[in-house]
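Below, chains carry the letters A, B, ... as their sequence lines are ordered, and counting in each starts from 1. Both backbone and side-chain heavy atoms feed into the values below; hydrogens, waters and symmetry mates do not. The structure displayed is predicted, hence computed values, not measured ones.
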Number of protein chains: 2
Amino acid sequence: MGSSPGTRRPTIAAVAQAAGVSVSAVSHVFNGRTNISPETAQRIRDAADALNWRPNVASRRVSRSLGGPAGGAVGNSIGLVVTQSPETFRRDPFFIRLIAGLTGPLGELGWSLSLTVVEPQDEEQVYRQWWTEQRVDGFLLVDLRTKDPRIPLLRSLSATAVALGPTPAASAVPGVTLDDGAGLEEVLAHLAGLGHRRIARVTSSPGLAHSRRRDRALTAAARQRDLTVRSLAWNEDAADPVAGLLAARGDVSALVLDSEALATRVIAHAPELGVRVPADLSVLSWEDSWVSELVRPRLTALSAPVEDSARTAVDLLRRMVHGEKPSSVVVPGRRLVVRESTGPAPA
Amino acid sequence: MGSSPGTRRPTIAAVAQAAGVSVSAVSHVFNGRTNISPETAQRIRDAADALNWRPNVASRRVSRSLGGPAGGAVGNSIGLVVTQSPETFRRDPFFIRLIAGLTGPLGELGWSLSLTVVEPQDEEQVYRQWWTEQRVDGFLLVDLRTKDPRIPLLRSLSATAVALGPTPAASAVPGVTLDDGAGLEEVLAHLAGLGHRRIARVTSSPGLAHSRRRDRALTAAARQRDLTVRSLAWNEDAADPVAGLLAARGDVSALVLDSEALATRVIAHAPELGVRVPADLSVLSWEDSWVSELVRPRLTALSAPVEDSARTAVDLLRRMVHGEKPSSVVVPGRRLVVRESTGPAPA
DNA sequence: CTGAAAGCGCTAACAA
DNA sequence: TTGTTAGCGCTTTCAG
């Protein structure tokens, strides 16, 4: 064990001694200084390998807090704090896609991802703690809310952060936003082409910023096509949320749902309630993943380049940690994947 | 930004000054020493809050490497290195359940989870790096393989680790194992009761230790009930893996699949290939999650208490980090959830 | 109950 | 090209 007595882990001094050089020579090699002869450098590296030694990240961070090249930037870890019930976190494929997309680019940088899932009441506490304890070099914000309290919080902490989604222009948090416009047009063209005239957007979290944005964008775009768009709320607490939704839909012939978790539940359960998809009702999801391919009928979905967003976010974070002040980025590539859950509007 | 010039973060000295005490007084308060008067302690805490200060984890780790109470143990972070293709990682609900189950107990400890997904060839490198750099205090090993190379690797690094699954008794890595016996009996009783006589177990990763274990256990238990069990391999590279599997199944009337990812694909795709579930073929998954409830027919599955395992693993890790040498733990609670994908054997 | 001081492993001036 | 050394923020011993 690392903590068993007598088993002290090797230090830079041990490596220096093994290689027959000074401590600073070792340090230089591991910090990309070019002032060490190749042979010596190799000898140092060999000694380090033999001892299984690598610079201790903690010590490194402490000493670099002095005046390193990047003003003390180290770049060890970025924090992802997901404020959702564990249930939502588990069920929404978006999160696992995001995580998977993040670890690649982070690994290339030698950074790691510190992840946690918290209930809303613990959110502020975790951001505060992780930042003030200097556990992380920055945060990736997801599920931006309207007037998101994390923006002023992070500002007051002088914390580094990047958001997935648009942020207020004045904030110090650049956002990685998806270009929704094209996808939205595709959705409407698709539905209108199938003869739908009345559609509804369904969300389970009206407090999320993207929800309002989508409402507005969809409504505006629909007007130009002479479609009407209603807004429907998903009530998770109902005995049967799908039944509730179907009952509330009125004369709507197509449903656009904010998440796959919602859309797939409608797909699976609607037939059991006597509503055939897509014969009676078309269903479309604003997010896409393997789950949409799994249900029957397969779900027509707006797919987002989550991996691209993740990579872009990591890059922004990297630059911020190194002292730059990058501005927001728009990632293109949303597109409609037509599968089986949308069909001609019923007569 | 944390790195902008002039914005140095407050240190313990600043807090001490603000509270009008010495540096060590502040340290004592934040380390649970009892030799500070309640009033003074409160004053110190207030000063820290006012300055948004918390002990820097990096400095803490460096100084504690000296001779702290737990022999230098700090307990900041545990590493979860998932050796899977991003695709498998995304599709298998087990991982997100595990992650969700881990963050709760870790949060209670004030620890965080460092997560990454790596390809097999990078695995060793990541374990080496994270441990020698002292990024993590320990690892949680998942997807144990037969003769898993990580066990000797971690041993050679003197790294702390706990595994999900049984580990060799001689290794220094305690395991959190599921009590499969009861669930297995349930599976066989259920299938036998439905008249099945020939069943097959399907795996996509025969190299995983649990795969062999399940094969053996199922075969042994089946013999006593006069059932025959075959072993079938899932070939992901085939043009249509489900079709390949169905073609290879011979006279088997029930399939037990190692993961939900596999089982749900069979469920969804088999009808399109003319095989009705469960009328022609019963399908049973060795793992369970919301996905099993989503597909139609709903999937009969062996559910595992992943959250319990996660909590147990965190507890073992905590104890190891504090110098104990706990032994393996068996977590009970696997049980069969009968849904719709299993039915009477065809005549 | 409090404070002064040594030292953790490492980095980066600066000197040689 | 290499070595010496001060110092990062914190903990903890030990003396007041």
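- If you check distances only, the side chain of A/Ser24 does reach the base of D/dT4 with a donor-acceptor pair under 3.5 Å.
- Comment: A/Glu124 engages A/Arg128 in a salt bridge, judged by a side-chain N to carboxylate O separation of less than 4.0 angstrom.
- Salt bridge status for B/Arg90 with A/Glu307: present, with a side-chain N to carboxylate O gap under 4.0 Å.
- By the 4.5 Å heavy-atom criterion applied to side chains, A/Trp131 and A/Leu154 are not counted as neighbours.
- The aromatic rings of B/Phe95 and B/Phe89 sit tilted relative to each other, their planes meeting at an angle between 30° and 60°.
- Rounded to an integer number of Å, the gap from A/Ile44 CD1 to C/dC10 P is 14 Å.
- The CZ atom of A/Arg61 sits 14 Å away from the C1' atom of C/dC10 (whole-angstrom rounding).
- A close approach under 4.0 Å does not occur between any side-chain nitrogen or oxygen of A/Ser59 and OP1 or OP2 of C/dC10.
- Distance, B/Ile36 CD1 to C/dT2 P: 5 Å, rounded to whole Å.
- A salt bridge links B/Glu123 with B/Arg145: at least one charged nitrogen is closer than 4.0 Å to a carboxylate oxygen.
- Distances shown here put every side-chain N or O of B/Arg60 at or beyond 4.0 Å from the OP1 or OP2 atom of D/dC10.
- Rounded to an integer number of Å, the gap from A/Arg9 CZ to C/dC8 P is 16 Å.
- Between the CH2 atom of A/Trp53 and the C1' atom of C/dT11 there is a distance of 11 Å, given to the nearest Å.
- Look at B/Ser63 and you won't find any side-chain N or O under 4.0 angstrom from OP1 or OP2 of D/dC10.
- Counting heavy-atom neighbours within 6.0 Å of B/Arg319 CZ, excluding the residue itself, gives a total above 12.
- Applying the 4.0 Å criterion to OP1 and OP2 of D/dC10, one finds that B/Asn56 has every side-chain N and O outside that range.
- No engagement by A/Val26 is indicated, since no non-hydrogen atom pair under 4.0 Å with the nucleic acid exists.
- B/Asp148 and B/Asp143 get closest at one heavy-atom pair: OD2-O, 4.1 Å.
- Between atom CG of residue B/Leu102 and atom CG of residue B/Leu98 there is a gap of 5.0 Å, rounded to the nearest 0.5 Å.
- Electrostatic pairing of B/Arg54 and B/Asp49 does not count as a salt bridge here, judged by no charged N lying under 4.0 Å from a carboxylate O.
- We find that CZ of B/Arg43 is positioned 12 Å from C1' of C/dC1, with the value rounded to whole Å.
- Across every non-hydrogen atom of A/Leu144 and A/Leu164, the tightest pair is CD2-O, 4.0 Å.
- Nearest-nucleotide mapping onto DNA chain D: of B/Ala58 and B/His28, the residue sitting toward the 5' end is B/Ala58.
- Counting any heavy atom pair closer than 4.0 Å across all strands shown, B/Ser27 reaches a base atom.
- Interface residues of residues 12-19 of chain A facing DNA chain C, ordered by number: A/Ile12; criterion, heavy-atom separation under 4.0 Å.
- C/dG9 atom C1' lies 17 Å from atom CG of A/Asn52, rounded to whole Å.
- B/Ser37 comes within contact range of the sugar-phosphate backbone alone, with a heavy-atom separation under 4.0 Å but no base atom that close.
- Atom-to-atom, CZ of B/Arg54 to P of D/dT11 comes out at 13 Å; the value is rounded to the nearest Å.
- Rounded to 10 degrees, the angle between the two end axes of the helix from C/dC1-D/dG16 to C/dA16-D/dT1 is 40°, with five pairs used at each end.
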